[in-house]
Amino acid sequence: QVQLMESGGGSVQAGGSLRLSCAASMFTYDILSMGWFRQVPGKDREGVAIIYARSTKTEYDDSVKGRFTISQHNANNTVYLQMNRLEPKDTAKYYCAAARLIVPGSMLRPSHYHLWGQGIQVTVSS
């Protein structure tokens, strides 16, 4: 069973940067995309960025376009989220997830993802 482990969260002041990492415990061909999602208490989990497996094709939520970059390093089964120009509204628990299916145009929906990490907190202070 593949497991996902996030790292790199923490606290930063507005305008700062953080890089999140998501390491998969093993490689598997049935993972077709990986994504980063976030959730604040009392609200639904939302998609932030996704990347298609063995590809450079990415998708972003409008709220992070131009500030966040998702990438992957296939050799070590790791997906990254570089977050620049962080804002207090980015404060949330961030989750890494993997999907075994592709639904064109809607891969930012958490419901498409079957495997989740435990999440890591990102706090941005003003």
Side-chain angles (χ1 to χ4, degrees):
Q1 177 73 8
V2 178
Q3 294 182 324
L4 303 178
M5 180 67 72
E6 302 98 337
S7 61
S11 298
V12 65
Q13 289 192 323
S17 298
L18 284 173
R19 188 174 83 154
L20 304 182
S21 298
C22 172
S25 58
M26 65 179 71
F27 173 80
T28 172
Y29 276 105
D30 67 347
I31 291 177
L32 300 182
S33 71
M34 297 283 293
W36 286 98
F37 299 79
R38 65 187 180 188
Q39 189 171 23
V40 297
K43 292 192 175 181
D44 292 337
R45 194 169 296 185
E46 63 178 12
V48 175
I50 70 103
I51 188 165
Y52 291 90
R54 299 170 289 284
S55 169
T56 57
K57 185 178 178 182
T58 58
E59 296 177 14
Y60 295 91
D61 184 75
D62 287 345
S63 65
V64 306
K65 281 180 181 177
R67 300 188 298 122
F68 290 11
T69 303
I70 188 170
S71 61
Q72 61 188 345
H73 191 275
N74 293 324
N76 61 13
N77 302 326
T78 301
V79 174
Y80 304 97
L81 185 68
Q82 178 66 43
M83 305 185 293
N84 298 328
R85 305 202 316 270
L86 282 159
E87 303 171 3
K89 66 179 182 180
D90 296 317
T91 295
K93 194 166 186 179
Y94 283 70
Y95 297 85
C96 174
R100 290 184 297 209
L101 55 84
I102 300 294
V103 181
S106 67
M107 285 308 293
L108 284 170
R109 292 184 186 174
S111 59
H112 296 329
Y113 292 76
H114 72 286
L115 183 65
W116 292 86
Q118 292 188 331
I120 193 163
Q121 181 67 34
V122 171
T123 302
V124 185
S125 58
S126 57

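Side chains are part of it too, since the values below use all heavy atoms of this structure and drop only hydrogens, waters and symmetry mates.
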*Check whether Val122 and Tyr60 end up in the same hydrophobic cluster, where Ile, Leu, Val, Met, Phe, Trp and Tyr are linked by side-chain heavy atoms less than 4.5 Å apart.*
yes
_Single-linkage hydrophobic cluster Ile120~Val12, side-chain heavy atoms < 4.5 angstrom_ = yes
Report yes or no: does [X] contribute a side-chain atom to a donor-acceptor pair with the main-chain N or O of [Y] at less than 3.5 Å?
X: His112; Y: Ser106; answer: yes
X: Glu6; Y: Cys96; answer: yes
X: Thr123; Y: Thr91; answer: no
X: Arg85; Y: Arg67; answer: no

_Holding to side chain to side chain donor-acceptor pair (under 3.5 Å), I want the full list of residues that pass it with Gln82, two or more places apart in sequence or in another chain._
Asn84
Quick one: [atom1] on [X] to [atom2] on [Y], what's the gap to the nearest 0.5 Å?
X: Lys65; Y: Thr58; atom1: NZ; atom2: OG1; answer: 9.5 Å
X: Thr78; Y: Leu4; atom1: OG1; atom2: CG; answer: 10.5 Å
X: Ser125; Y: Gln13; atom1: OG; atom2: CD; answer: 5.0 Å
X: Ser71; Y: His73; atom1: OG; atom2: NE2; answer: 9.5 Å
X: Ser33; Y: Ile51; atom1: OG; atom2: CD1; answer: 10.0 Å
X: Leu81; Y: Tyr94; atom1: CG; atom2: OH; answer: 7.5 Å

Determine the minimum heavy-atom distance between [X] and [Y], stating which atoms define it.
X: Ala98; Y: Met34; answer: CB-SD, 3.5 Å
X: Arg38; Y: Ser63; answer: NH2-OG, 3.3 Å
X: Asn77; Y: Met26; answer: ND2-C, 3.7 Å
X: Pro110; Y: Arg45; answer: CG-O, 3.5 Å
X: Ala92; Y: Val40; answer: CB-CG1, 3.6 Å
X: Gly47; Y: Asp61; answer: O-CB, 3.4 Å

_Sub-4.5 Å side-chain heavy-atom contact between Gln72 and Asn74_ = yes
*Report yes if the side chains of Val48 and Met83 come closer than 4.5 Å at any heavy-atom pair, otherwise no.*
no
Taking atom [atom1] as the centre, does [X] end up with more than 12 heavy-atom neighbours from other residues, nucleotides or ligands that are less than 6.0 angstrom away?
X: Glu87; atom1: CD; result: yes
X: Gln121; atom1: CD; result: yes
X: Arg100; atom1: CZ; result: no

*Rest of the hydrophobic cluster containing Phe37 (Ile/Leu/Val/Met/Phe/Trp/Tyr, side-chain heavy atoms under 4.5 Å)?*
Leu32, Ile50, Tyr52, Tyr95, Leu101, Ile102, Val103, Met107, Leu108, Tyr113, Trp116
*asked:* Checking one residue: Met5. Which other hydrophobic residues are in its cluster under the side-chain 4.5 Å linking rule?
replied: none
